[in-house]
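Residues take their numbers from the sequence shown, with the count starting at 1. Only heavy atoms go into these numbers, but all of them, side chains included; no hydrogens, no water, no symmetry mates. When a ligand or atom number is given, it counts from 1 through the structure's own listing order.
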Amino acid sequence: MTDLLEPTTTLPQERRLVTPVPGPRSAELMARRSATVSAGVGTTLPVFVERAGGGVVVDVDGNSLIDLGSGIAVVNVGNAAPRVVAAVQEQVAAFTHTCFMVTPYEGYVAVCEELARVTPGDHEKRSALFNTGSEAVENAVKIARHATGRQAVVVFDHAYHGRTNLTMALTAKNMPYKHRFGPFAPEVYRVPMSYPFRDEPGLTGAEAAARAIAQIEAQVGAANVAAVLIEPIQGEGGFVVPAPGFLPALAEWCRASGSVFVADEVQTGFCRTGDWFATEHEGVVPDLVTLAKGMAGGMPLAAVTGRAEIMDAVHTGGLGGTYGGNPVACAAALASIETMRAQDLAGAARAIGDTMLPRLRALQERTPAVGDVRGRGAMVAVEIVKPGTTEPDPELTGRVARACHADGVVVLTAGTFGNVLRFLPPLVIGQELLGEGLDVLDAAFAEHAG
Ligand SMILES: Cc1ncc(COP(=O)(O)O)c(C=O)c1O
């Protein structure tokens with residue numbers, strides 16, 4: 001991996017611990033947080049942030065942590081990326097909001113033009129902008145139902161699509177996302193995912209797709225399916241990469257049966273997996289894609305982009321929202337996309353994968369608790385099990401994550417069984433810093449699973 005030629009931050013790119021993690025000022029703020037913020041809002045790492053940039057997060061005690069999380073796959077271009085900062089400052093000084101549905105502005109249109117360029121397929125496209133990934137997914141379902149006149153939505157085991165009422169129904173995992181929050185939206189049907197580590201050995205992508213399709217046809221009926229909604233690599237579900245052939249077979253079935261194939265690229269999008277979008281790796285062209293997270297360098301912005309005839313089927317006024325496509329967020333998105341092009345961040349993501357995957361496979365060789373290493377580009381994970389089995393070990397996963405945190409590396413967990421450590425470094429992280437983060441991870445496994 002070559003370090004990027006353009007400066008991405010002025011913050012020193014180093015791991016520096018000057019207090020225990022969390023330090024005293026963070027502990028003080030955590031006490032204030034507990035007294036005022038709902039206990040329902042969780043915290044992965046109880047350090048309060050003062051600054052962040054490149055591959056580091058600096059806390060209020062002066063500790064500089066290596067960032068292998070990107071705020072959950074958001075700051076692909078790095079935190080406070082220079083182009084994003086400049087664009088936001090310029091826009092915020094011009095105007096902050098008019099509501100695009102009241103008096104429109106160019107930035108929204110320019111973002112939709114960029115989305116038509118960067119998303120898979122060269123068909124005519126339209127987009128609509130929103131604020132969060134959940135909102136994008138909800139709107140993709142609305143659009144697919146309206147365009148097809150059908151109601152059923154097919155989703156997969158281990159899927160995560162958000163926390164609103166409809167997206168809770170679409171999400172697979174009970175704790176913490178759904179527990180006691182029902183009743184959930186109807187007409188949602190869940191079918192088996194292709195999960196090579198947990199499927200019967202040798203099951204191909206085509207066979208896994210046939211299994212899912214047989215269930216859809218028997219239990220839902222092809223003529224009732226408005227949309228098949230899938231993450232091309234599952235995010236919260238544990239970075240499950242389906243076997244080759246799975247996504248193309250599903251897309252083909254949708255085409256043949258007149259349902260809308262929706263790729264939820266909220267976590268995988270915007271260069272994360274080494275291409276603009278993860279569906280590109282198998283040449284799949286979705287009818288609709290849902291986008292958010294990495295799109296706008298940390299500003300809240302989301303989108304549904306897709307075939308013009310599907311997107312335009314909706315009656316005027318049927319889509320929108322007060323803040324959707326906020327002008328400041330649009331300026332940030334244009335600057336983020338420009339940064340991705342100028343710095344070849346898809347190439348940077350591939351280089352990150354080329355560094356991480358061999359190191360994690362070496363870790364797997366010497367650590368029986370590491371059952372699987374998987375991922376693509378800068379979206380990689382290890383699945384942790386009881387040695388010699390596929391039985392999940394969420395306790396060990398938590399211990400290793402906490403050891404990394406204490407030693408100054410931000411890592412995240414994931415997985416239906418809570419036994420996946422996932423890594424999502426900013427795509428602008430330097431080689432040396434990434435290597436040091438992996439050294440810390442190795443040491444944590446040596447101590448807790450050696
Ligand atoms: C694949 C996927 N879809 C949807 C969402 C929901 O996005 P948001 O948290 O912005 O509502 C997420 C968030 O993690 C996600 O990973």
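- The heavy-atom pair separating Ser257 from Ala222 by the smallest distance is CB-CB, 4.1 Å.
- Taking the charged nitrogens against the carboxylate oxygens, Arg376 and Asp275 have no contact shorter than 4.0 Å, which rules out a salt bridge.
- Glu114 has a carboxylate O that lies under 4.0 Å from a charged side-chain N of Arg117, or vice versa, which qualifies the two as a salt bridge.
- Scanning the protein heavy atoms around atom 16 (O) of ligand 1, the nearest turns out to be Gln267 NE2, 2.9 Å.
- Every N/O-N/O distance between Glu135 and ligand 1 stays at or above 3.5 Å.
- Closest protein heavy atom to atom 13 (C) of ligand 1: Lys293 CE, 3.3 Å.
- Given atom 8 (P) of ligand 1, the protein heavy atom at minimum distance is Gly133 N, 3.5 Å.
- For atom 3 (N) of ligand 1, the nearest protein heavy atom (residue, atom name, distance) is Asp264 OD2, 2.7 Å.
- At a 4.0 Å heavy-atom cut-off, ligand 1 touches Glu236 through the side chain alone.
- Judged by distance alone, with hydrogens and angles left aside, the side-chain atoms of Thr148 form a donor-acceptor pair with the main-chain N or O of Arg150 at under 3.5 Å.
- Heavy-atom contacts of Thr132 reach the following atoms of ligand 1: 10 (O), 11 (O) (cutoff under 4.0 Å).
- A distance of 6.0 Å or more separates the ring centres of Phe130 and Tyr323.
- In terms of heavy-atom proximity, Val385 sits nearest to Arg198 at CG1-NH2, 4.1 Å.
- Annotation: side-chain hydrogen bond (donor to acceptor under 3.5 Å, both in side chains) contacts involving residues 413-424, sequence neighbours excluded, comprise His158-Thr416, Glu236-Arg422, Gln267-Arg422, Glu383-Asn419.
- Ion pairing between Glu200 and Arg211 holds under the 4.0 Å rule for side-chain N and carboxylate O.
- Using a non-hydrogen distance threshold of 4.0 Å, Arg163 does not register as a contact of ligand 1.
- Atom 9 (O) of ligand 1 has as its closest protein heavy atom Ser134 OG, 4.5 Å.
- Residue-ligand proximity, Tyr160 to ligand 1, at heavy-atom distances under 4.0 Å covers atoms 1 (C), 2 (C), 3 (N), 5 (C), 12 (C), 13 (C), 14 (O), 15 (C).
- Against a heavy-atom cut-off of under 4.0 Å, Glu231 is close to the following atoms of ligand 1: 1 (C).
- The protein atom (non-hydrogen) at minimum distance from atom 4 (C) of ligand 1 is His161 O, 3.3 Å.
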